[in-house]
Amino acid sequence: MADRPLFSIVTITYENLAGLQATVASVDRQTCRDLEHVVVDGGSSDGSADWLAGHFPGTWVSEPDRGRYHAMNKGTGMATGEYVWYLHAGDVLADPAVLDRVARALHDRPAWAYGLARVVDPDGTLTGTLGFVPFSFFTFAVLAHPLPHQATVLRRELVERLGGYDESVPVAADQLLLLRAADLAPPRALPDFLCDFDSTGLSAGRPWLARYWDAERNRRRLGHPVTRSAVVDTLIAFSYAAVRELARRGRSALARPGPAPPPDRTRPVPSTP
């Protein structure tokens with residue numbers, strides 16, 4: 001392995017020892033070893049620091065921080081690899097050959113790349129997927145189809161050029177960073193499931209209107225319209241989000257079992273022997 005590893009896997013964690021252990025194990029299983037693993041713990045009281053001290057061979061720190069995006073920025077500062085991959089505690093790489101496949105896809109060193117992610121419940125149940133290929137800036141920025149941050153690799157210099165994660169954004173700073181990255185250089189989209197995303201994360205289950213406003217604010221932070229007009233961007237974005245939510249509610253209503261049918265009174269009731 002070169003002095004500078006190809007991958008810096010950055011894992012942030014807080015009060016989630018079991019999730020941290022699962023994430024570390026998934027990285028340890030990788031057949032590609034051109035990596036370093038950096039863990040940033042927010043000062044957990046669940047034994048995470050003791051476990052890291054006794055079992056984790058990578059770089060780590062355990063101390064209070066200002067939140068998830070501050071922790072991710074801290075991890076970027078600790079990283080030395082060519083590409084940074086943010087894999088939070090509880091998220092796991094999909095199989096042991098993931099980093100090998102991604103390394104081959106990065107042969108000509110693009111600015112960044114992403115793949116697909118499975119959304120998985122704590123019991124292992126698959127509840128959905130994240131990501132789309134091929135990449136479309138309109139689909140990402142206006143139609144607000146999110147990219148799976150946990151299945152994304154970015155050149156460390158690109159993250160630093162973009163100023164890291166905006167800590168003033170409470171939930172969607174990861175999508176904002178990717179939006180700004182896409183505005184500079186289109187990503188390489190990989191039709192490959194790279195990780196399993198923990199469905200209990202902070203952004204899971206947010207109301208559709210909250211997700212819409214997250215995307216709307218991020219698009220405004222971009223500083224220029226995606227179409228010819230910011231008004232057109234907003235009209236398309238809101239209409240699409242509302243129609244998608246109505247369709248989701250319709251599917252949910254159809255999936256719910258209806259009332260039990262009334263008993264058939266035309267048949268004789270058998271007598272009790």
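Nearest heavy atoms, Asp46 versus Ser44: OD1-CB, 3.2 Å. Annotation for Val92 and Ala22: closest pair CG1-O, 3.6 Å, computed over non-hydrogen atoms. Nearest approach of Ala111 to Tyr83, heavy atoms of both residues: O-CE2, 4.1 Å. A pairwise comparison of heavy atoms in Thr234 and Arg219 identifies CA-NH2, 4.0 Å as the closest pair. Contact detail for Pro148 and Ala117: the closest heavy-atom pair is CB-CB, 3.7 Å. The two residues His70 and Arg66 have their closest heavy-atom pair at ND1-N, 3.0 Å.
Between Phe238 and Trp208, the angle of the ring planes lies from 30° to 60°, which puts this pair in the tilted group. The aromatic rings of Tyr165 and His149 sit perpendicular, their planes meeting at an angle over 60°, well past the 30° parallel limit. Taking the six-membered ring for Trp and thresholds of 30 and 60 degrees, Trp112 and Tyr114 have ring planes inclined between 30 and 60 degrees apart.
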Worked verdict on Val153 versus Val102 for side-chain contact (heavy atoms from CB on, under 4.5 Å): CA-CA 9 Å; Val153 292; Val102 175; 4.3 Å; yes
CA sep, side-chain torsions, deciding dist, call: Asp183, His224, side-chain contact (heavy atoms from CB on, under 4.5 Å): CA-CA 10 Å; Asp183 199 37; His224 63 80; 2.9 Å; yes
ring-ring contact (aromatic ring centres under 6.0 Å, His included) evaluation trace for Phe138 with His145: CA-CA 9 Å; Phe138 178 83; His145 285 258; 10.0 Å; no
Check against side-chain contact (heavy atoms from CB on, under 4.5 Å), Thr13 and Val39: CA-CA 7 Å; Thr13 183; Val39 170; 4.1 Å; yes
From CA spacing to verdict: side-chain contact (heavy atoms from CB on, under 4.5 Å), Asp214, Val171: CA-CA 8 Å; Asp214 289 341; Val171 175; 4.3 Å; yes
Stepwise salt bridge (Lys or Arg N to Asp or Glu O under 4.0 Å) check, Asp91 with Arg118: CA-CA 10 Å; Asp91 301 329; Arg118 294 184 288 252; over 6 Å; no
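A donor-acceptor pair under 3.5 Å is formed between the side chain of Gln30 and the backbone N or O of Leu99. Formation of a donor-acceptor pair under 3.5 Å by the Ser239 side chain with backbone atoms of Ile236 is not found in this model. Proximity of a side-chain donor or acceptor of Thr125 to a complementary backbone N or O of Asp121 within less than 3.5 Å is not detected. Although no hydrogens or angles enter the test, the distance criterion places a donor-acceptor pair under 3.5 Å between the side chain of Ser8 and the main chain of Gly81. A donor-acceptor contact shorter than 3.5 Å is absent between the side chain of Gln150 and the backbone of Asp196.
Note that OG1 of Thr11 is 11.5 Å distant from CH2 of Trp85, once rounded to the nearest 0.5 Å. Atom OG1 of Thr139 and atom CG of Leu147 lie 10.0 Å apart (nearest 0.5 Å). How far CG of Asp174 is from OH of Tyr69: 4.0 Å, rounded to the nearest 0.5 Å. Atoms CG and CG, from Leu116 and Leu130 in turn, are 9.0 Å apart once rounded to the nearest 0.5 Å. Arg221 contributes atom CZ, which lies 6.0 Å from atom OG of Ser168 (distance to the nearest 0.5 angstrom). Taken from CD in Gln175 to CG in Asn218, the straight-line distance is 8.0 Å, to the nearest 0.5 Å.
Of the candidates Ile12, Asp41, Leu52, Leu52 is the only one forming a side-chain contact (heavy atoms from CB on, under 4.5 Å) with Leu20. Exactly one residue among Glu167, Met72, Lys74 makes a side-chain contact (heavy atoms from CB on, under 4.5 Å) with Asp65. That residue is Lys74.
Annotation: side chain of Leu178 is in contact with side chain of Leu154 (closest heavy-atom distance under 4.5 Å). Put simply, the side chain of Asn73 does not reach to within 4.5 Å of the side chain of Val159, judged on heavy atoms. By the 4.5 Å heavy-atom criterion applied to side chains, Val24 and Trp51 are counted as neighbours. Looking only at side-chain heavy atoms (C-beta outward), Arg180 and Leu184 stay at 4.5 Å or farther from each other. Contact of the Asp95 side chain with the Val98 side chain is registered, since non-hydrogen atoms from C-beta on lie closer than 4.5 Å. The side-chain heavy atoms of Phe132 and Pro146, taken from C-beta on, include no pair separated by under 4.5 Å. Residues Leu179 and Phe137 meet the side-chain proximity criterion, which asks for heavy atoms closer than 4.5 Å. Looking at heavy atoms from C-beta onward, Ile9 lies in side-chain contact with Leu87 at the 4.5 angstrom threshold.
Between Arg161 and Glu157 no salt bridge is recorded (no basic side-chain N to carboxylate O distance below 4.0 Å). Note on Arg188 versus Asp108: salt bridge recorded, some NZ/NE/NH1/NH2 to OD/OE distance being below 4.0 Å. Looking at Arg33 and Asp100, no side-chain N of the basic residue comes within less than 4.0 Å of a carboxylate O on the acidic one, giving no salt bridge. Under a 4.0 Å N-O distance rule, the pair Glu82/Arg155 qualifies as a salt bridge.
Under a hydrophobic clustering in which Ile, Leu, Val, Met, Phe, Trp and Tyr are joined whenever their side-chain heavy atoms come within less than 4.5 Å, directly or via other members, Leu6 and Leu93 fall into the same cluster. Val27 and Leu106 fall within a single hydrophobic cluster, where Ile, Leu, Val, Met, Phe, Trp and Tyr side chains are chained together by heavy-atom contacts under 4.5 Å. Cluster membership for Leu222 and Leu176, using ILVMFWY side-chain heavy atoms within less than 4.5 angstrom, is not shared. Put simply, Val84 and Leu162 are part of the same group of oily side chains (I, L, V, M, F, W, Y) that touch within less than 4.5 Å, one to the next. Two different hydrophobic clusters hold Leu246 and Tyr212 under the rule that ILVMFWY side chains link at heavy-atom gaps under 4.5 Å.
A side-chain donor-acceptor contact under 3.5 Å links Thr76 and Tyr86. With hydrogens and angles left out, the side-chain atoms of Thr59 and His37 include no donor and acceptor closer than 3.5 Å.
In this structure, Arg228 places its CZ atom where only 12 or fewer heavy-atom neighbours from other residues, nucleotides or ligands lie under 6.0 Å away.
Taking Thr152 as the reference, nothing meets the side-chain hydrogen bond (donor to acceptor under 3.5 Å, both in side chains) condition, with sequence neighbours excluded.
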